[in-house]
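Just below is one structure, and these are the notes that go with it.
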2 protein chains.
Amino acid sequence: MAQSDTVDRILDAAEELFADRGFSETSLRMITSKAKVNLAAVNYHFGSKNALIHAVFARFLTPFSATLENAFDELEERCDGKPPTLNQTLWALTESAVRMPQRNEKGISIFMRLLGLAYTQSQGHLRKFLEQEYSEPFSRFMRLLKEATPQLSSVDRYWRIQFMLGATAFTMSSSDALRDILQNKLGVETTVQEIAARLVPFLAAGMQAEDAMLIPPAGSKVSVA
Amino acid sequence: MAQSDTVDRILDAAEELFADRGFSETSLRMITSKAKVNLAAVNYHFGSKNALIHAVFARFLTPFSATLENAFDELEERCDGKPPTLNQTLWALTESAVRMPQRNEKGISIFMRLLGLAYTQSQGHLRKFLEQEYSEPFSRFMRLLKEATPQLSSVDRYWRIQFMLGATAFTMSSSDALRDILQNKLGVETTVQEIAARLVPFLAAGMQAEDAMLIPPAGSKVSVA
DNA sequence: ATGCGCTTCAAACGTATGTTTCAAACAGAC
DNA sequence: GTCTGTTTGAAACATACGTTTGAAGCGCAT
């Protein structure tokens with residue numbers, strides 16, 4: 001075997017199992033047996049299970065954040081001076097994700113699923129790791145969003161960004177299950193690209209909705225038991 | 001102690017811990033020590049950890065689904081014949097959730113977080129349990145949504161409903177944290193009702209967005225490393 | 001007071017986990 | 001070929017988990 005083919009085999013197996021089952025539900029023994037590698041190899045090469053989780057994220061997030069920076073650079077250059085629109089900003093993000101060179105056909109959906117899990121599973125160490133490693137592209141995205149929605153108050157924008165994040169993270173984190181359901185119910189095949197293509201207009205429309213109505217429409221009172 | 005104060009103490013502790021940390025990450029020992037109850041009590045009263053998870057969901061989902069049925073009844077009666085609008089349907093759901101009698105001030109956000117986890121953490125048994133116990137109000141909500149958005153294809157509607165679910169579950173489940181951040185950053189106080197009042201227009205706008213654009217806008221090509 | 005369900009309790013069970021150990025196998029330089 | 005540092009291997013470690021056990025405690029009708 002090559003120098004450390006082992007490292008990649010572990011990362012491949014871990015990535016897939018984490019995406020399928022979550023972090024706590026995936027044991028090192030599952031990973032090493034799927035990777036056809038000795039159990040001790042994980043601790044030898046990575047140090048701990050948590051460090052392995054970080055390595056899995058770093059492997060796709062580092063090139064992704066570089067791609068994203070490029071996309072933002074090009075976008076801002078193309079708009080020279082004027083701030084990019086909301087649609088342009090969201091598409092830049094989406095395309096960067098979708099066009100990332102994939103290791104296999106499941107690549108993009110694993111990628112998305114892992115991002116969803118990072119938000120959803122409250123693994124403190126992961127949160128900290130991601131925040132300190134990838135804060136820059138994140139802040140830049142936030143700044144672009146702000147410039148693209150000058151009509152919103154800070155408070156409205158804040159909440160709507162949370163809504164966008166939620167819709168995205170949630171959908172992506174269960175995208176496999178949702179695709180299966182759709183396949184069985186309506187017999188429709190769906191790719192991650194198509195999901196993204198449906199998600200972006202939804203987000204853009206929500207983001208640009210008319211003023212939040214702070215009081216429910218007249219006559220909508222609901223009886224409570 | 002009353003007859004089985006123990007059962008409620010276990011449910012209270014379990015509910016909060018599950019919402020905080022997820023199911024696999026919460027051990028029976030954490031639950032019983034938080035509830036100040038003997039470890040064996042869980043298996044004595046509920047039979048197993050999975051059954052406890054079901055009981056936690058049943059405790060709030062059963063009254064909620066009754067409240068929701070009432071709200072839908074009243075709504076359909078008020079509209080006599082004509083299908084309720086999307087806004088009306090969403091408000092009926094939202095108000096039913098917000099007006100549920102809460103055990104404490106964190107009630108609504110725990111409730112939401114648990115629903116999110118139920119979707120997200122791939123606990124097969126939970127999925128099955130929820131589907132067979134609460135399929136009726138769920139189907140009814142889906143039917144109302146369908147009648148309120150006749151312009152959407154089934155596939156578009158399906159995905160947009162997932163986006164709504166995601167935005168809602170995610171936001172509500174972390175609403176405590178998000179409220180705190182907002183308080184510190186902008187000095188703004190926010191109630192759950194206000195969040196809901198911002199969320200509903202966002203969802204309605206996303207749901208009614210123009211046709212999903214399946215191809216990115218011209219000129220949005222992104223350079224890839 | 002006695003006996004009978006139901007509930008609590010401390011302790012243990014068997015299993016699975018992440019991690020460590022240390023000897024064996026290996027690769028490359030001399 | 002021999003030595004050296006790196007990687008693999010089988011086995012064990014300590015710990016945590018969900019669950020089970022059997023005795024003790026309790027309220028209450030008889």
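Every chain is numbered from 1 and lettered A, B, ... according to where its sequence line falls, protein lines coming before strand lines.
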Quickly work out the [X] [atom1] to [N] [atom2] distance and round it to whole Å.
{"X": "L28(A)", "N": "dT20(C)", "atom1": "CG", "atom2": "P", "answer": "11 Å"}
{"X": "N43(B)", "N": "dT19(D)", "atom1": "CG", "atom2": "C1'", "answer": "5 Å"}
{"X": "L17(A)", "N": "dG18(C)", "atom1": "CG", "atom2": "P", "answer": "12 Å"}
{"X": "R9(B)", "N": "dT7(C)", "atom1": "CZ", "atom2": "P", "answer": "15 Å"}
{"X": "I10(B)", "N": "dT7(C)", "atom1": "CD1", "atom2": "C1'", "answer": "11 Å"}
{"X": "F23(A)", "N": "dT17(C)", "atom1": "CZ", "atom2": "P", "answer": "17 Å"}
{"X": "Y44(B)", "N": "dC6(C)", "atom1": "OH", "atom2": "P", "answer": "7 Å"}
{"X": "F46(A)", "N": "dT7(D)", "atom1": "CZ", "atom2": "C1'", "answer": "14 Å"}

Fill in the blank from the handout: Which of V56(A), V7(A), I53(A) passes side chain to side chain contact (heavy atoms under 4.5 Å, CB included) with F46(A)? Answer is V7(A)
Exercise for the section: Look at all strands and tell whether T32(B) reaches a base, only sugar-phosphate, or nothing, counting heavy atoms closer than 4.0 Å. Expected result: nothing
Exercise for the section: Answer with base, sugar-phosphate or nothing: what part of the nucleic acid does T26(B) contact at a heavy-atom distance below 4.0 Å? Expected result: sugar-phosphate
Problem - Shortest side-chain distance from H45(A), nucleotide among dT20(D), dT8(C), dT8(D) - result: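 Within the option list, the nearest is dT8(D).
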Problem - Nearest-nucleotide pick for S27(B), side chain only, options being dT8(D), dC17(D), dT20(D) - result: dC17(D)
Are [X] and [Y] close enough that some pair of their side-chain heavy atoms sits under 4.5 Å apart?
{"X": "I161(A)", "Y": "R157(A)", "result": "yes"}
{"X": "Q183(A)", "Y": "V188(A)", "result": "no"}
{"X": "F23(B)", "Y": "L126(B)", "result": "yes"}
{"X": "E16(A)", "Y": "I31(A)", "result": "no"}

Handout entry: Base versus backbone protein contacts along nucleotides 9-15 of chain C [heavy-atom cut-off under 4.0 Å; B, S, -]
Key = BB-B---
Exercise for the section: Quick one: closest heavy-atom pair of M112(B) and A97(B), and the distance? Expected result: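 Heavy atoms of M112(B) and A97(B) come nearest at CE-CB, 4.2 Å.
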Exercise for the section: Please state whether the phosphate of dT8(C), meaning OP1 or OP2, lies under 4.0 angstrom from any side-chain nitrogen or oxygen of T6(B). Expected result: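 True: T6(B) side-chain N/O within range (under 4.0 Å) of dT8(C) OP1/OP2.
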Handout entry: Passing candidate, ring pair (Phe, Tyr, Trp, His ring centres under 6.0 Å) with F163(B), options F170(A), F163(A), F202(A)
Key =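 For F163(B), the ring pair (Phe, Tyr, Trp, His ring centres under 6.0 Å) test succeeds with only one of F170(A), F163(A), F202(A), which is F202(A).
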